[in-house]
Protein chains: 2
Amino acid sequence: MALEHALLVSLSEQAASGLDLTHRFDKSIGYFWTASHQQIYRVLGRMEGDGWVHCEVVAQQGRPDKKVYAVTEPGRLELERWLAEPTVTDPIRSELMVKIRGASYGDRAAIIEQARESLEDHRKRLSLYEFLESKDYPNPDLLEGRELDICLVLRGGVRLERFWIDWLTDYIDAHTRTTTKERRP
Amino acid sequence: MALEHALLVSLSEQAASGLDLTHRFDKSIGYFWTASHQQIYRVLGRMEGDGWVHCEVVAQQGRPDKKVYAVTEPGRLELERWLAEPTVTDPIRSELMVKIRGASYGDRAAIIEQARESLEDHRKRLSLYEFLESKDYPNPDLLEGRELDICLVLRGGVRLERFWIDWLTDYIDAHTRTTTKERRP
DNA sequence: CTCCGCATGTAAGCTGTTACATGATTCA
DNA sequence: TGAATCATGTAACAGCTTACATGCGGAG
(Lines give C-alpha, C1' and ligand atoms only; values in the text may rest on other atoms or scores of the structure.)
Protein backbone atom coordinates (compact mmCIF):
# COMPACT_ATOMS: atom_id res chain seq x y z
CA MET A 1 0.00 0.00 0.00
CA ALA A 2 0.89 2.87 1.67
CA LEU A 3 -0.36 6.06 3.19
CA GLU A 4 -3.27 6.37 0.74
CA HIS A 5 -5.34 3.75 2.49
CA ALA A 6 -4.60 5.01 5.97
CA LEU A 7 -5.87 8.40 4.78
CA LEU A 8 -8.98 6.82 3.29
CA VAL A 9 -9.73 5.17 6.64
CA SER A 10 -9.25 8.43 8.50
CA LEU A 11 -11.28 10.48 6.02
CA SER A 12 -14.08 7.89 6.12
CA GLU A 13 -14.41 8.52 9.84
CA GLN A 14 -14.54 12.28 9.27
CA ALA A 15 -13.74 14.68 6.42
CA ALA A 16 -10.61 16.74 7.16
CA SER A 17 -7.91 19.10 5.93
CA GLY A 18 -4.26 18.17 5.49
CA LEU A 19 -3.35 19.69 8.83
CA ASP A 20 -6.25 17.95 10.59
CA LEU A 21 -4.95 14.67 9.23
CA THR A 22 -1.42 15.50 10.35
CA HIS A 23 -2.72 15.98 13.89
CA ARG A 24 -4.63 12.70 13.73
CA PHE A 25 -1.45 10.93 12.67
CA ASP A 26 0.26 12.27 15.76
CA LYS A 27 -2.21 10.20 17.75
CA SER A 28 -5.03 7.65 17.23
CA ILE A 29 -4.31 6.19 13.79
CA GLY A 30 -0.68 7.14 14.37
CA TYR A 31 -0.24 4.37 16.96
CA PHE A 32 0.49 2.10 14.03
CA TRP A 33 1.17 4.41 11.12
CA THR A 34 3.10 7.64 10.97
CA ALA A 35 3.23 10.41 8.38
CA SER A 36 4.62 13.91 8.06
CA HIS A 37 2.53 16.82 6.84
CA GLN A 38 4.55 17.15 3.62
CA GLN A 39 3.82 13.61 2.67
CA ILE A 40 0.15 13.91 3.56
CA TYR A 41 -0.28 16.98 1.34
CA ARG A 42 1.44 15.30 -1.56
CA VAL A 43 -0.55 12.09 -1.26
CA LEU A 44 -3.82 14.01 -0.87
CA GLY A 45 -3.03 15.76 -4.15
CA ARG A 46 -2.44 12.48 -5.89
CA MET A 47 -5.60 10.99 -4.44
CA GLU A 48 -7.60 13.94 -5.68
CA GLY A 49 -6.11 13.39 -9.13
CA ASP A 50 -7.17 9.75 -8.97
CA GLY A 51 -10.69 10.79 -7.93
CA TRP A 52 -10.53 8.99 -4.58
CA VAL A 53 -11.23 12.14 -2.61
CA HIS A 54 -12.97 15.42 -3.32
CA CYS A 55 -11.86 18.71 -1.88
CA GLU A 56 -13.79 21.79 -0.85
CA VAL A 57 -12.18 25.09 0.09
CA VAL A 58 -13.59 26.43 3.36
CA ALA A 59 -13.05 30.06 4.35
CA GLN A 60 -12.41 30.77 8.02
CA GLN A 61 -12.38 33.96 10.08
CA GLY A 62 -8.97 35.08 11.30
CA ARG A 63 -7.31 32.01 9.76
CA PRO A 64 -6.19 30.93 6.32
CA ASP A 65 -8.62 29.04 4.10
CA LYS A 66 -8.51 25.30 4.40
CA LYS A 67 -9.14 22.51 1.94
CA VAL A 68 -11.45 19.94 3.44
CA TYR A 69 -11.19 16.51 1.84
CA ALA A 70 -13.91 13.85 1.77
CA VAL A 71 -13.92 10.32 0.34
CA THR A 72 -15.72 9.87 -2.99
CA GLU A 73 -17.51 6.74 -4.19
CA PRO A 74 -14.44 5.52 -6.17
CA GLY A 75 -12.36 6.12 -3.05
CA ARG A 76 -14.80 4.11 -0.95
CA LEU A 77 -14.61 1.25 -3.44
CA GLU A 78 -10.82 1.38 -3.46
CA LEU A 79 -10.76 1.20 0.33
CA GLU A 80 -13.13 -1.77 0.26
CA ARG A 81 -10.94 -3.51 -2.33
CA TRP A 82 -7.78 -2.90 -0.34
CA LEU A 83 -9.30 -4.07 2.94
CA ALA A 84 -10.19 -7.43 1.37
CA GLU A 85 -6.72 -7.90 -0.13
CA PRO A 86 -4.30 -10.28 1.65
CA THR A 87 -1.84 -8.58 4.00
CA VAL A 88 1.81 -9.51 4.26
CA THR A 89 3.33 -9.40 7.72
CA ASP A 90 5.01 -6.05 8.15
CA PRO A 91 8.79 -6.12 8.48
CA ILE A 92 10.15 -4.84 11.78
CA ARG A 93 12.85 -2.20 11.90
CA SER A 94 14.45 -1.19 15.14
CA GLU A 95 17.61 0.86 15.04
CA LEU A 96 18.07 0.42 18.76
CA MET A 97 18.04 -3.36 18.43
CA VAL A 98 20.74 -3.19 15.77
CA LYS A 99 22.82 -0.97 18.04
CA ILE A 100 22.37 -3.34 20.96
CA ARG A 101 23.49 -6.23 18.84
CA GLY A 102 26.58 -4.29 17.85
CA ALA A 103 27.24 -2.84 21.31
CA SER A 104 30.56 -4.64 21.71
CA TYR A 105 32.03 -2.69 18.78
CA GLY A 106 31.52 0.64 20.53
CA ASP A 107 30.84 2.27 23.87
CA ARG A 108 28.45 -0.10 25.66
CA ALA A 109 27.66 2.40 28.42
CA ALA A 110 26.44 4.90 25.82
CA ILE A 111 24.12 2.29 24.36
CA ILE A 112 22.72 1.36 27.75
CA GLU A 113 22.06 5.06 28.23
CA GLN A 114 20.18 5.14 24.93
CA ALA A 115 18.14 2.17 26.12
CA ARG A 116 17.27 4.10 29.29
CA GLU A 117 16.09 7.06 27.23
CA SER A 118 14.04 4.80 25.02
CA LEU A 119 12.51 3.21 28.12
CA GLU A 120 11.48 6.65 29.38
CA ASP A 121 9.92 7.43 26.03
CA HIS A 122 7.91 4.22 25.99
CA ARG A 123 6.76 4.80 29.56
CA LYS A 124 5.41 8.21 28.60
CA ARG A 125 3.53 6.76 25.66
CA LEU A 126 2.12 4.00 27.80
CA SER A 127 0.80 6.57 30.29
CA LEU A 128 -0.86 8.49 27.50
CA TYR A 129 -2.44 5.40 25.96
CA GLU A 130 -3.67 4.15 29.32
CA PHE A 131 -5.16 7.55 30.02
CA LEU A 132 -6.98 7.54 26.68
CA GLU A 133 -8.19 3.99 27.32
CA SER A 134 -9.70 4.80 30.71
CA LYS A 135 -11.18 8.05 29.42
CA ASP A 136 -12.72 6.86 26.13
CA TYR A 137 -13.38 3.17 26.72
CA PRO A 138 -14.17 2.51 30.39
CA ASN A 139 -16.49 -0.41 29.49
CA PRO A 140 -14.83 -2.30 26.62
CA ASP A 141 -17.14 -5.32 27.02
CA LEU A 142 -20.11 -3.30 25.85
CA LEU A 143 -18.51 -2.18 22.61
CA GLU A 144 -19.26 -3.46 19.13
CA GLY A 145 -18.37 -2.68 15.53
CA ARG A 146 -16.27 0.39 14.77
CA GLU A 147 -15.90 1.49 18.38
CA LEU A 148 -14.68 -1.97 19.36
CA ASP A 149 -12.11 -1.89 16.53
CA ILE A 150 -10.72 1.47 17.58
CA CYS A 151 -10.59 0.40 21.23
CA LEU A 152 -8.76 -2.81 20.34
CA VAL A 153 -6.18 -0.95 18.24
CA LEU A 154 -5.55 1.36 21.18
CA ARG A 155 -5.16 -1.69 23.40
CA GLY A 156 -2.65 -3.00 20.88
CA GLY A 157 -0.70 0.22 21.36
CA VAL A 158 -0.77 -0.29 25.13
CA ARG A 159 0.52 -3.82 24.81
CA LEU A 160 3.24 -2.89 22.37
CA GLU A 161 4.51 -0.22 24.76
CA ARG A 162 4.48 -2.80 27.56
CA PHE A 163 6.53 -5.13 25.39
CA TRP A 164 9.20 -2.47 24.94
CA ILE A 165 9.19 -1.50 28.61
CA ASP A 166 9.55 -5.12 29.75
CA TRP A 167 12.24 -5.93 27.27
CA LEU A 168 14.28 -2.76 27.81
CA THR A 169 14.09 -3.25 31.60
CA ASP A 170 15.39 -6.77 31.12
CA TYR A 171 18.19 -5.57 28.89
CA ILE A 172 19.32 -2.87 31.32
CA ASP A 173 19.08 -5.28 34.27
CA ALA A 174 21.07 -7.98 32.51
CA HIS A 175 23.93 -5.59 31.83
CA THR A 176 23.77 -4.00 35.28
CA ARG A 177 24.02 -7.47 36.80
CA THR A 178 27.08 -8.15 34.61
CA THR A 179 28.69 -4.89 35.65
CA THR A 180 27.98 -5.57 39.33
CA LYS A 181 29.53 -9.00 39.03
CA GLU A 182 32.64 -7.50 37.47
CA ARG A 183 32.90 -4.89 40.19
CA ARG A 184 32.64 -7.46 43.00
CA PRO A 185 34.82 -10.35 41.88
CA MET B 1 20.98 5.62 9.46
CA ALA B 2 20.15 2.92 7.58
CA LEU B 3 21.29 -0.43 6.27
CA GLU B 4 24.97 0.62 6.23
CA HIS B 5 25.34 0.29 9.97
CA ALA B 6 23.49 -2.98 10.21
CA LEU B 7 25.93 -4.32 7.60
CA LEU B 8 28.90 -2.95 9.55
CA VAL B 9 27.67 -4.81 12.65
CA SER B 10 27.23 -8.02 10.73
CA LEU B 11 30.58 -7.74 8.95
CA SER B 12 32.32 -6.97 12.24
CA GLU B 13 31.13 -10.31 13.55
CA GLN B 14 32.39 -12.08 10.43
CA ALA B 15 33.55 -11.06 6.94
CA ALA B 16 31.02 -12.10 4.29
CA SER B 17 29.80 -11.87 0.70
CA GLY B 18 26.61 -10.16 -0.40
CA LEU B 19 24.75 -13.43 -0.48
CA ASP B 20 26.04 -14.48 2.95
CA LEU B 21 24.71 -11.21 4.31
CA THR B 22 21.37 -11.75 2.59
CA HIS B 23 21.06 -15.08 4.39
CA ARG B 24 21.99 -13.50 7.70
CA PHE B 25 19.27 -10.92 7.19
CA ASP B 26 16.76 -13.72 6.77
CA LYS B 27 17.51 -14.62 10.37
CA SER B 28 19.55 -13.40 13.38
CA ILE B 29 20.09 -9.71 12.65
CA GLY B 30 16.92 -9.86 10.56
CA TYR B 31 14.72 -10.18 13.66
CA PHE B 32 14.82 -6.40 13.81
CA TRP B 33 16.08 -5.32 10.43
CA THR B 34 15.26 -6.64 6.97
CA ALA B 35 16.96 -6.18 3.61
CA SER B 36 16.74 -7.65 0.12
CA HIS B 37 19.79 -8.87 -1.76
CA GLN B 38 19.51 -6.08 -4.35
CA GLN B 39 19.72 -3.44 -1.71
CA ILE B 40 22.58 -5.17 0.09
CA TYR B 41 24.67 -5.29 -3.09
CA ARG B 42 24.04 -1.66 -3.84
CA VAL B 43 24.86 -0.50 -0.33
CA LEU B 44 27.99 -2.68 -0.19
CA GLY B 45 29.14 -0.98 -3.38
CA ARG B 46 28.61 2.44 -1.86
CA MET B 47 30.34 1.43 1.35
CA GLU B 48 33.35 0.25 -0.62
CA GLY B 49 33.41 3.59 -2.40
CA ASP B 50 33.38 5.33 0.98
CA GLY B 51 36.20 3.11 2.20
CA TRP B 52 34.19 1.58 5.04
CA VAL B 53 34.70 -1.96 3.76
CA HIS B 54 37.31 -3.69 1.67
CA CYS B 55 36.50 -6.47 -0.75
CA GLU B 56 38.51 -9.49 -1.82
CA VAL B 57 37.49 -11.77 -4.69
CA VAL B 58 37.63 -15.40 -3.63
CA ALA B 59 37.65 -18.18 -6.27
CA GLN B 60 35.67 -21.32 -5.47
CA GLN B 61 35.53 -24.76 -7.07
CA GLY B 62 32.30 -25.56 -8.93
CA ARG B 63 30.79 -22.22 -7.92
CA PRO B 64 31.03 -18.64 -9.09
CA ASP B 65 33.64 -16.37 -7.53
CA LYS B 66 32.52 -14.41 -4.54
CA LYS B 67 33.43 -11.01 -3.20
CA VAL B 68 34.14 -11.23 0.50
CA TYR B 69 33.78 -7.95 2.33
CA ALA B 70 35.53 -6.97 5.57
CA VAL B 71 35.30 -3.81 7.67
CA THR B 72 38.20 -1.37 7.34
CA GLU B 73 39.51 0.97 10.03
CA PRO B 74 37.42 3.94 8.74
CA GLY B 75 34.40 1.61 8.75
CA ARG B 76 35.11 0.57 12.32
CA LEU B 77 35.35 4.23 13.36
CA GLU B 78 32.11 5.04 11.57
CA LEU B 79 30.36 2.19 13.38
CA GLU B 80 31.71 3.43 16.69
CA ARG B 81 30.54 6.96 15.92
CA TRP B 82 27.06 5.79 14.95
CA LEU B 83 26.69 3.55 18.01
CA ALA B 84 27.32 6.51 20.32
CA GLU B 85 24.86 8.77 18.48
CA PRO B 86 21.43 9.31 20.07
CA THR B 87 18.67 7.06 18.71
CA VAL B 88 15.17 8.25 17.93
CA THR B 89 12.37 5.85 18.73
CA ASP B 90 11.55 3.96 15.55
CA PRO B 91 8.14 4.67 14.06
CA ILE B 92 5.81 1.69 13.95
CA ARG B 93 4.04 0.70 10.77
CA SER B 94 1.45 -2.02 10.72
CA GLU B 95 -0.75 -2.37 7.69
CA LEU B 96 -2.91 -4.92 9.48
CA MET B 97 -3.61 -2.48 12.31
CA VAL B 98 -4.74 0.14 9.80
CA LYS B 99 -7.03 -2.41 8.18
CA ILE B 100 -8.48 -3.43 11.52
CA ARG B 101 -9.18 0.17 12.35
CA GLY B 102 -10.98 0.56 9.02
CA ALA B 103 -12.74 -2.82 9.13
CA SER B 104 -16.21 -1.30 9.28
CA TYR B 105 -15.74 0.22 5.81
CA GLY B 106 -15.28 -3.19 4.20
CA ASP B 107 -15.78 -6.91 4.71
CA ARG B 108 -15.04 -7.50 8.39
CA ALA B 109 -15.02 -11.29 8.03
CA ALA B 110 -12.21 -11.01 5.46
CA ILE B 111 -10.17 -8.92 7.85
CA ILE B 112 -10.67 -11.36 10.72
CA GLU B 113 -9.44 -14.03 8.33
CA GLN B 114 -6.32 -11.95 7.63
CA ALA B 115 -5.80 -11.64 11.37
CA ARG B 116 -5.99 -15.45 11.64
CA GLU B 117 -3.35 -15.83 8.94
CA SER B 118 -1.13 -13.29 10.62
CA LEU B 119 -1.56 -15.17 13.91
CA GLU B 120 -0.40 -18.38 12.25
CA ASP B 121 2.60 -16.59 10.83
CA HIS B 122 3.61 -15.17 14.20
CA ARG B 123 3.17 -18.58 15.85
CA LYS B 124 5.58 -20.11 13.35
CA ARG B 125 8.16 -17.44 14.00
CA LEU B 126 7.79 -17.83 17.72
CA SER B 127 8.44 -21.58 17.41
CA LEU B 128 11.56 -20.89 15.40
CA TYR B 129 12.88 -18.29 17.82
CA GLU B 130 12.16 -20.48 20.84
CA PHE B 131 13.96 -23.34 19.15
CA LEU B 132 17.00 -21.14 18.48
CA GLU B 133 16.91 -19.88 22.06
CA SER B 134 16.93 -23.35 23.61
CA LYS B 135 19.55 -24.57 21.16
CA ASP B 136 22.03 -21.68 21.29
CA TYR B 137 21.46 -20.17 24.74
CA PRO B 138 20.37 -22.84 27.21
CA ASN B 139 22.07 -20.99 30.11
CA PRO B 140 21.46 -17.27 29.59
CA ASP B 141 22.53 -16.39 33.13
CA LEU B 142 26.12 -17.36 32.36
CA LEU B 143 26.43 -15.09 29.34
CA GLU B 144 28.29 -11.81 29.12
CA GLY B 145 29.31 -9.23 26.54
CA ARG B 146 28.59 -9.92 22.88
CA GLU B 147 26.93 -13.28 23.45
CA LEU B 148 24.61 -11.77 26.03
CA ASP B 149 23.67 -8.99 23.59
CA ILE B 150 22.81 -11.43 20.84
CA CYS B 151 20.83 -13.62 23.21
CA LEU B 152 18.86 -10.64 24.51
CA VAL B 153 17.99 -9.47 21.01
CA LEU B 154 16.70 -12.95 20.22
CA ARG B 155 14.66 -12.84 23.42
CA GLY B 156 13.28 -9.51 22.21
CA GLY B 157 12.16 -11.30 19.07
CA VAL B 158 10.44 -13.95 21.17
CA ARG B 159 8.63 -11.35 23.20
CA LEU B 160 7.56 -9.34 20.20
CA GLU B 161 6.04 -12.45 18.62
CA ARG B 162 4.21 -13.15 21.89
CA PHE B 163 2.84 -9.62 21.84
CA TRP B 164 1.37 -10.18 18.39
CA ILE B 165 -0.01 -13.60 19.28
CA ASP B 166 -1.69 -12.31 22.45
CA TRP B 167 -3.13 -9.27 20.80
CA LEU B 168 -4.37 -11.04 17.66
CA THR B 169 -5.99 -13.76 19.80
CA ASP B 170 -7.74 -11.03 21.77
CA TYR B 171 -8.91 -9.33 18.61
CA ILE B 172 -10.30 -12.50 17.09
CA ASP B 173 -11.97 -13.47 20.37
CA ALA B 174 -13.57 -10.07 20.84
CA HIS B 175 -15.17 -10.23 17.42
CA THR B 176 -16.17 -13.86 17.76
CA ARG B 177 -17.91 -12.97 21.03
CA THR B 178 -19.75 -10.16 19.23
CA THR B 179 -20.83 -12.47 16.43
CA THR B 180 -22.04 -15.11 18.91
CA LYS B 181 -24.06 -12.50 20.74
CA GLU B 182 -25.69 -11.41 17.51
CA ARG B 183 -26.51 -14.96 16.52
CA ARG B 184 -28.15 -15.76 19.88
CA PRO B 185 -30.22 -12.72 20.71
C1' DC C 1 8.53 42.45 18.57
C1' DT C 2 9.25 37.88 18.66
C1' DC C 3 7.64 33.50 18.74
C1' DC C 4 4.03 30.12 18.07
C1' DG C 5 0.16 28.05 15.60
C1' DC C 6 -2.64 27.81 11.49
C1' DA C 7 -2.41 26.37 6.76
C1' DT C 8 -0.38 25.14 2.54
C1' DG C 9 3.05 23.62 -0.25
C1' DT C 10 7.98 22.76 -3.33
C1' DA C 11 12.43 20.53 -4.22
C1' DA C 12 16.15 17.57 -3.51
C1' DG C 13 17.70 13.55 -2.01
C1' DC C 14 17.92 9.15 0.29
C1' DT C 15 15.96 4.45 1.06
C1' DG C 16 13.75 0.65 -0.33
C1' DT C 17 10.92 -2.39 -3.57
C1' DT C 18 9.92 -4.84 -7.90
C1' DA C 19 11.12 -6.69 -11.98
C1' DC C 20 14.55 -8.32 -14.92
C1' DA C 21 19.11 -10.44 -16.23
C1' DT C 22 23.09 -13.75 -16.47
C1' DG C 23 25.52 -18.13 -16.07
C1' DA C 24 27.13 -22.21 -13.75
C1' DT C 25 26.11 -26.48 -10.82
C1' DT C 26 23.47 -29.82 -8.36
C1' DC C 27 19.51 -32.64 -7.42
C1' DA C 28 15.15 -35.13 -8.46
C1' DT D 1 14.50 -31.80 -18.39
C1' DG D 2 13.27 -28.76 -15.04
C1' DA D 3 13.88 -26.60 -10.70
C1' DA D 4 16.69 -24.86 -7.09
C1' DT D 5 20.96 -22.85 -5.26
C1' DC D 6 25.06 -20.04 -5.75
C1' DA D 7 26.49 -15.50 -6.99
C1' DT D 8 26.24 -11.03 -8.84
C1' DG D 9 24.09 -7.23 -10.49
C1' DT D 10 20.98 -3.20 -13.37
C1' DA D 11 16.95 -0.19 -14.04
C1' DA D 12 12.81 1.84 -12.96
C1' DC D 13 9.97 3.21 -9.71
C1' DA D 14 7.58 4.11 -5.18
C1' DG D 15 7.87 5.98 -0.60
C1' DC D 16 9.55 8.84 2.81
C1' DT D 17 12.60 12.46 4.98
C1' DT D 18 14.76 16.95 5.34
C1' DA D 19 15.11 21.45 4.37
C1' DC D 20 13.08 25.44 2.70
C1' DA D 21 9.24 28.79 1.67
C1' DT D 22 5.10 31.85 2.45
C1' DG D 23 1.79 34.61 4.93
C1' DC D 24 -1.60 35.77 8.48
C1' DG D 25 -3.10 36.31 13.36
C1' DG D 26 -2.77 35.96 18.34
C1' DA D 27 -0.24 35.63 22.84
C1' DG D 28 3.23 37.18 25.85
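These numbers come from a predicted model, not from an experiment. Computation of the quantities below employed the complete heavy-atom set of this structure, encompassing side-chain atoms and omitting hydrogens, waters and symmetry-equivalent molecules. Within every chain, numbering begins at 1; the chains are lettered A, B, ... in the order of the sequence lines, protein sequences first and strands thereafter.
Between B/Gln38 and B/Arg46, the residue anchored closer to the 5' end of DNA chain C is B/Arg46, taking for each the nucleotide with the nearest heavy atom. For the pair A/Thr34 and B/Tyr69, nearest-nucleotide mapping onto DNA chain D gives the more 5' position to B/Tyr69. The nearest heavy atom of DNA chain C to B/Val43 and to B/Pro64 marks one nucleotide each, and the one closer to the 5' end goes with B/Val43.
The CG atom of A/Leu44 sits 9 Å away from the P atom of C/dG9 (whole-angstrom rounding). Regarding B/Leu21, its CG atom lies at a distance of 14 Å from the P atom of D/dC6, rounded to whole Å. One interatomic measurement links the two molecules: CD of A/Gln39 to C1' of C/dG13, which rounds to 15 Å at whole-angstrom precision. Distance B/Ile40 CD1 to D/dA7 C1': 13 Å, rounded to the nearest Å. Distance, B/Leu19 CG to D/dA7 P: 6 Å, rounded to whole Å. Atom CZ in A/Phe25 sits about 16 Å away from atom C1' in D/dT17, given to the nearest Å. Rounding to whole angstrom units, CD of residue B/Glu48 and C1' of D/dG9 are separated by 14 Å. The NE2-P distance, from A/His5 to D/dA14, rounds to 14 Å in whole Å.
Remark: B/Ser36 is not in phosphate contact with C/dG16, judged by side-chain N or O atoms under 4.0 Å from OP1 or OP2. Taking 4.0 angstrom as the limit, B/His37 places none of its side-chain polar atoms (N or O) nearer than this to OP1 or OP2 of C/dT17. In this model, the phosphate group of C/dG9 is not approached by any side-chain N or O of A/Tyr41 to a distance below 4.0 Å at OP1 or OP2. For B/Arg93, a side-chain nitrogen or oxygen approaches OP1 or OP2 of D/dC16 to under 4.0 Å.
The aromatic rings of B/His5 and B/Trp52 lie tilted to each other, with the angle between the two planes from 30° to 60°.
A/Arg42 contributes no side-chain N or O that forms a donor-acceptor pair with the base of C/dT8 under 3.5 Å.
Between B/Arg24 and B/Glu13 there is no salt bridge, since no side-chain N of the basic residue sits under 4.0 Å from a carboxylate O of the acidic one.
In summary, the side chains of B/Asp173 and B/Thr176 do not present any donor paired with an acceptor at a separation below 3.5 Å, with no hydrogens or angles considered. Neither side chain, A/Arg76 nor A/Ser12, offers a donor N or O lying under 3.5 Å from an acceptor on the other.
For B/Trp167 and B/Tyr171, the ring centers are positioned less than 6.0 Å apart.
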